Trainee: 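The structure's right below; bear with me while I get my questions together.
The model shown is predicted, which means the values in this text are computed figures rather than measured ones. So that the names make sense, note that chain A is the first sequence line, chain B the second, and so on, each numbered from 1.
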Amino acid sequence: MSKQSSEIDLQIWQVVALIPAGKVATYGDVARMAGLPGAARRVGAALRRLPEDSRIPWHRVINAQGRISLPEGSVSGNTQCFRLEAEGLLLRNNKCLDLEKYRWRP
DNA sequence: ACCGTGACTCTGC
DNA sequence: TGCAGAGCCACGG
């Protein structure tokens, strides 16, 4: 891994770390707040590189449709779903949540 | 430097 | 509501 790419990952992780419990942000939001407007895909890549034991609340990052972008049934996907519910977020139809209600607006 | 890739997003049919 | 297409950005081979 190059030093610069790690810098961007750190930037993204720092933004994600700011999302309060009970709130969520979309990949696009995180990218914009990290100074990388339009680089939503880059955010996903950064989260994928997070260490397994990281305390960064990566589960609070969802897609623009209010749904979990991880494959349904995957270990990480279930973990994200579980953690969101643990924070009191209601998943409509068991997979969709109300962005208007839970979206983090700094 | 070129090209394929992806935990994305928006538009249109 | 669902899916395909086309932008999108940065990375890695």
Side-chain angles (χ1 to χ4, degrees):
Chain A
M1 70 172 99
S2 69
K3 292 180 179 177
Q4 267 201 331
S5 63
S6 294
E7 283 299 314
I8 294 187
D9 284 344
L10 289 175
Q11 248 179 276
I12 292 173
W13 295 347
Q14 286 174 32
V15 171
V16 175
L18 297 177
I19 308 173
K23 291 291 181 180
V24 297
T26 68
Y27 293 91
D29 289 339
V30 174
R32 184 166 43 73
M33 289 186 267
L36 301 166
R41 312 188 73 129
R42 188 64 192 71
V43 174
L47 295 185
R48 189 169 54 76
R49 295 181 180 176
L50 271 174
E52 197 66 38
D53 58 358
S54 172
R55 271 119 62 198
I56 300 293
W58 56 267
H59 56 280
R60 295 176 191 148
V61 182
I62 60 179
N63 62 33
Q65 300 171 29
R67 319 235 280 86
I68 291 175
S69 281
L70 288 163
E72 196 173 353
S74 64
V75 178
S76 48
N78 290 330
T79 298
Q80 179 167 24
C81 185
F82 176 81
R83 290 186 182 176
L84 286 175
E85 293 185 322
E87 292 186 353
L89 286 75
L90 304 178
L91 280 68
R92 301 182 317 211
N93 301 334
N94 201 32
K95 56 173 60 176
C96 217
L97 43 86
D98 194 340
L99 272 180
E100 288 303 303
K101 183 177 180 181
Y102 299 123
R103 195 170 205 166
W104 176 47
R105 301 184 187 74

Trainee: Whole Å only: how far is the CG atom of Leu47(A) from the C1' atom of dC9(C)?
Mentor: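 Between C1' of dC9(C) and CG of Leu47(A): 15 Å.
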Trainee: Of all the nucleotides listed (dT9(B), dG6(B), dA7(B)), which has the minimum atom distance to the side chain of Thr26(A)?
Mentor: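 Out of dT9(B), dG6(B), dA7(B), the nucleotide with an atom closest to Thr26(A)'s side chain is dT9(B).
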Trainee: Consider the side chain of Ala39(A), meaning its heavy atoms from C-beta on, and name the nucleotide among dC9(C), dC11(C), dC8(B) that approaches it most closely.
Mentor: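 The answer is dC9(C), which lies nearest to the side chain.
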Trainee: Cluster question for you: counting only ILVMFWY and a side-chain heavy-atom cut-off of under 4.5 Å, with indirect links fine, are Leu10(A) and Tyr27(A) together?
Mentor: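 Yes, it is one cluster - the side chains of Leu10(A) and Tyr27(A) are joined through contacts under 4.5 Å.
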Trainee: Side chain of Arg49(A): nearest nucleotide among dA7(B), dA10(C), dG12(C)?
Mentor: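 Out of dA7(B), dA10(C), dG12(C), the nucleotide with an atom closest to Arg49(A)'s side chain is dG12(C).
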Trainee: Which distance, rounded to the nearest 0.5 Å, do you find between the CD1 of Ile12(A) and the CG of Leu36(A)?
Mentor: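 Reported value, rounded in 0.5 Å steps: 5.5 Å.
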Trainee: Figure out the NZ/P separation between Lys95(A) and dT1(C), and round it to whole Å.
Mentor: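 About 13 Å, once rounded to whole Å.
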Trainee: Write down the distance between CD1 (Ile8(A)) and P (dC8(C)), rounded to a whole number of angstrom.
Mentor: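 The distance from CD1 of Ile8(A) to P of dC8(C) comes to 18 Å, rounded to the nearest Å.
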Trainee: Tell me the interatomic distance from Arg42(A), atom CZ, to dA10(C), atom C1', rounded to whole angstroms.
Mentor: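 Nearest whole value for this atom pair: 6 Å.
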Trainee: What I'd like to find out is whether the side chain of Asp9(A) reaches to under 4.5 Å of the side chain of Leu50(A), using heavy atoms alone.
Mentor: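 Not in contact.
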Trainee: Starting from C1' on dT9(B), measure out to CZ on Arg103(A) and report it in whole angstrom.
Mentor: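 Atom-to-atom, Arg103(A) to dT9(B), this comes out as 11 Å.
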Trainee: Within residues 59-66 of chain A, which residues have any heavy atom lying less than 4.0 Å from an atom of DNA chain B?
Mentor: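 Those residues whose heavy atoms fall under 4.0 Å from DNA chain B, taken from residues 59-66 of chain A in numerical order, are Asn63(A), Ala64(A).
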Trainee: Which one, dT9(B), dA10(C), dA7(B), comes nearest to the side chain of Ala40(A)?
Mentor: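 Among the listed nucleotides, the one closest to the side chain of Ala40(A) is dT9(B).
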Trainee: For the pair made of CZ in Arg92(A) and P in dT1(C), what is the distance, rounded to whole Å?
Mentor: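 So the two atoms are 10 Å apart, to the nearest Å.
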Trainee: More than 12 foreign heavy atoms under 6.0 Å from CZ of Arg55(A): is that the case here?
Mentor: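 Atom CZ in Arg55(A) is not crowded, with 12 or fewer foreign heavy atoms closer than 6.0 Å.
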Trainee: Hey, is the main chain of Ala34(A) close enough, under 3.5 Å, to the side chain of Gln11(A) for a donor-acceptor pair?
Mentor: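 Yes; at least one donor-acceptor contact below 3.5 Å.
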Trainee: Measure the distance from CD on Glu72(A) to P on dA7(B) and round it to the nearest whole Å.
Mentor: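 Distance check: Glu72(A) CD to dA7(B) P gives 16 Å.
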Trainee: Quick check against the 3.5 Å criterion: does Arg83(A) have a side-chain atom that pairs as donor or acceptor with the backbone of His59(A)?
Mentor: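 No; judged by distance alone, with no hydrogens or angles, the pair does not exist.
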Trainee: Using the rule that Ile, Leu, Val, Met, Phe, Trp and Tyr join whenever any side-chain heavy atoms are under 4.5 Å apart, tell me whether Leu84(A) and Leu90(A) fall into a single cluster.
Mentor: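 Yes, it is one cluster - the side chains of Leu84(A) and Leu90(A) are joined through contacts under 4.5 Å.
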Trainee: If I take atom CZ in residue Arg41(A) and atom C1' in nucleotide dA7(B), what distance separates them, rounded to the nearest angstrom?
Mentor: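 Whole-Å distance recorded here is 10 Å.
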Trainee: Which listed nucleotide (dA10(C), dC8(B), dA7(B)) is nearest to the side chain of Leu36(A)?
Mentor: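 Closest of the options to the side chain of Leu36(A): dA10(C).
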Trainee: Mind checking if Ser76(A) touches a base, just sugar-phosphate, or nothing, with heavy atoms under 4.0 Å?
Mentor: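 If one applies the 4.0 Å heavy-atom cut-off, Ser76(A) turns out to touch nothing in the nucleic acid.
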